[in-house]
There are 2 protein chains.
Amino acid sequence: MQPTVRDPNPPLTRSVEDYLKAIYHLSSQGGFAATSDIAAMLEVSPPSVSGMVKRLSEMGLIEHVPYRGVQLTSQGRRAALRMIRRHRILELYLTQHLGYDWGGVHDEAERLEHAVSDELIERMASALGQPQYDPHGDPIPTAAGDIEEAELVSLADAHVGTKLELRQVGTQDTARLRYFAEQGLTPGVLLTVSERQPFNGPTTIALVPSGDPRVVGRELAQLLWCQEIGS
Amino acid sequence: MQPTVRDPNPPLTRSVEDYLKAIYHLSSQGGFAATSDIAAMLEVSPPSVSGMVKRLSEMGLIEHVPYRGVQLTSQGRRAALRMIRRHRILELYLTQHLGYDWGGVHDEAERLEHAVSDELIERMASALGQPQYDPHGDPIPTAAGDIEEAELVSLADAHVGTKLELRQVGTQDTARLRYFAEQGLTPGVLLTVSERQPFNGPTTIALVPSGDPRVVGRELAQLLWCQEIGS
DNA sequence: GAAACGCCTTAGTCTATACTAATAGTGAGA
DNA sequence: TCTCACTATTAGTATAGACTAAGGCGTTTC
Ligand SMILES: [Mn+2]
Ligand SMILES: [Mn+2]
Ligand SMILES: [Mn+2]
Ligand SMILES: [Mn+2]
């Protein structure tokens, strides 16, 4: 009788699961997730992130390059996609079957995603007819862990007349980020492309649903990664 | 700017909520909940219970009489009934709307009860038509915290011909408890009263659904608290 | 190439909750 | 009334995860 052996594969905790999701989202555009960005997304202090990063890499869930950032291992990616599947199915189930609106649904899913069993998620998925998109149009990963890669287009390249959802802002520059925020250009915003001036000129857009116009120069437009909203 | 003031009313943790539920169930027959019974119910060690008991009484949720046991304060009772409402509505919703059977539903509810919002519970209750009983026939407390007191009758007093659910075993004696367990007489078991001998004689019952007969002497029958199953 | 600034990490602390080992109280029987 | 067996509590330790304060690394700027 040995003095208690540590379980080599303990279930992931709520914190761990939320960190993995944050890292997935922050590194989805191919790079590293920075400590301070993870901290901002999860509303914890940077040292808390450093501490968790150490644990996660010891668990084999992430790869850490000191002072650079982190990336998910394939094991970490699998775990992150599992949580994203749960989150998105929950959001859809709550809106479709329990009358939630887009607003309230995210916070509820953020807590429930850690408490539901795989069985419950699959029962909800069945009740929904094996859906592919959540209420916000985001793709739902399959139970096997495959996800439709969103085809993002920079605003500078988007065709005039298309309707877009702003999905990612491709800079970490504080001044630019602050400017985008002032303009109401934050991830999740819907817009239509009104016109574009020739010779690398600015793009004019209209925000949805307000209709407010914005004129965005080419340099900044290249930083705004958008997803076309299906018909 | 003071050095961080402790929130005087932090949300209850999952552990605290489960302790309160356990204490509620163990002391429902009017007495104190014993440390070792709480420990057994929650599958933790007795010292863990002593530790939690100290915290809960500092929070004003229980009253602790050292070496005797604990009882809920009215605040603790309110919190316990809130969890029981959640648990039972969840169990009913999962069976009615998502095809769960009696078996799987309890564990799922045991986790979800801590993660759902009041709003979600009330939406489920609405979808179920403000139900009064869970899938096991247990009464669902109202949102205001009222619960139908189960009218328990001891097997020694139950009328011949009635169908009963065994709800509580009114002893802590190990030998008697062991004997009851051998006989399959544990809380939750369904039975019908077949006959009773006169002059304080034994009661004969039939287990449901197996039909197996049991003959229970008066002394023991007085320890078996049952609830009549409605028509 | 040095200085400065900003981001990242380390060091040290705190809380909640569990555990084991040791001690103390209680009530049933001798 | 005393003893013993059981139960409860205390003491001490561990882990996850958060925090603040302090120090280290790298990039930008001159
Ligand atoms: Mn969401
Ligand atoms: Mn979450
Ligand atoms: Mn249950
Ligand atoms: Mn529970």
Side-chain angles (χ1 to χ4, degrees), chain A residues 1-8 10-20 22-23 26 31-59 61-62 64-70 114 171-178, chain B residues 1-20 22-23 26 31-59 61-71 114 171-177:
Chain A
M1 187 175 291
Q2 30 195 344
T4 318
V5 171
R6 310 267 286 96
D7 184 343
L12 304 182
T13 65
R14 178 183 172 160
S15 275
V16 166
E17 290 173 339
D18 279 337
Y19 272 92
L20 292 177
I23 293 166
L26 289 169
F32 287 81
T35 297
S36 53
D37 292 343
I38 300 170
M41 184 169 285
L42 297 177
E43 300 184 273
V44 297
S45 68
S48 299
V49 174
S50 285
M52 180 61 87
V53 156
K54 174 175 293 172
R55 265 170 277 147
L56 294 178
S57 42
E58 280 163 5
M59 288 190 264
L61 294 166
I62 64 173
H64 180 210
V65 181
Y67 293 97
R68 260 288 138 58
V70 300
H114 312 286
T171 179
Q172 314 225 114
D173 177 69
T174 312
R176 285 177 174 76
L177 286 172
R178 193 170 295 146
Chain B
M1 190 176 290
Q2 30 195 346
T4 318
V5 171
R6 311 268 284 95
D7 184 342
N9 258 89
L12 304 181
T13 66
R14 180 185 169 158
S15 275
V16 166
E17 290 173 340
D18 280 337
Y19 273 91
L20 292 176
I23 293 166
L26 290 169
F32 287 81
T35 298
S36 55
D37 292 343
I38 300 170
M41 184 169 284
L42 297 177
E43 300 183 273
V44 298
S45 68
S48 300
V49 174
S50 285
M52 180 62 88
V53 157
K54 175 174 294 170
R55 264 169 278 144
L56 294 179
S57 42
E58 279 163 5
M59 287 190 266
L61 294 166
I62 64 174
E63 208 69 59
H64 180 210
V65 181
Y67 293 97
R68 259 288 137 60
V70 299
Q71 275 185 318
H114 311 287
T171 180
Q172 313 225 114
D173 177 68
T174 312
R176 286 177 174 74
L177 286 172

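So you know, we letter chains A, B, ... as the sequences are listed, proteins then strands, and number each from 1.
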Specify the separation, in whole Å, of atom CG of Leu56(B) and atom C1' of dA8(D). 16 Å
Would you sort out whether Leu12(A) and His114(A) count as a side-chain contact (heavy atoms from CB on, under 4.5 Å), showing the intermediate values? CA-CA 9 Å; Leu12(A) 304 182; His114(A) 312 286; over 6 Å; no
To the nearest 0.5 Å, what is the distance between CD1 on Ile62(B) and OH on Tyr19(B)? 10.0 Å
Can you pull every protein N or O that's under 3.5 Å from an N or O on nucleotides 16-18 of chain D?
| residue | atom | partner | partner atom | Å |
| --- | --- | --- | --- | --- |
| dA16(D) | OP1 | Arg6(A) | NH2 | 3.2 |
| dG17(D) | OP1 | Thr13(A) | OG1 | 2.2 |
| dG17(D) | OP2 | Arg55(A) | NH1 | 2.8 |
| dG17(D) | O5' | Arg55(A) | NH1 | 3.4 |
| dA18(D) | OP1 | Ser15(A) | OG | 3.0 |
| dA18(D) | OP2 | Tyr19(A) | OH | 3.3 |

Qualifying residues under salt bridge (charged side-chain N to carboxylate O under 4.0 Å, His left out), relative to Arg14(B), sequence neighbours excluded: Asp18(B)
Are any protein N/O atoms closer than 3.5 Å to N/O atoms in nucleotides 8-12 of chain C? If there are, list each pair with its distance.
| residue | atom | partner | partner atom | Å |
| --- | --- | --- | --- | --- |
| dC8(C) | OP2 | Ser36(A) | N | 2.9 |
| dC8(C) | OP2 | Ser36(A) | OG | 2.8 |
| dT9(C) | OP1 | His64(A) | NE2 | 2.5 |
| dT9(C) | OP2 | Thr35(A) | OG1 | 2.8 |
| dT9(C) | OP2 | Ser50(A) | OG | 3.0 |

Any chance you could measure Ile23(A), atom CD1, to Ile38(A), atom CD1, to the nearest 0.5 Å? 4.0 Å
Can you find a pair of side-chain heavy atoms, one from Val70(A) and one from Phe32(A), that are under 4.5 Å apart? no
Atom pair distance, as rounded to whole Å: CG in Leu42(B) and P in dA16(C): 18 Å
Residues passing the side-chain hydrogen bond (donor to acceptor under 3.5 Å, both in side chains) test with Gln71(B), sequence neighbours excluded, are none
Leu61(B) CG - dA16(C) P separation (whole Å): 13 Å
Would you give me the side-chain donor-acceptor pairs under 3.5 Å for residues 39-57 of chain A, sequence neighbours excluded?
| residue | atom | partner | partner atom | Å |
| --- | --- | --- | --- | --- |
| Ser45(A) | OG | Ser48(A) | N | 3.4 |
| Ser45(A) | OG | Ser48(A) | OG | 3.0 |
| Ser57(A) | OG | Val53(A) | O | 2.9 |
| Ser57(A) | OG | Lys54(A) | O | 3.3 |

How long is the span from the OH atom in Tyr67(A) to the OG1 atom in Thr35(A), to the nearest 0.5 Å? 10.0 Å
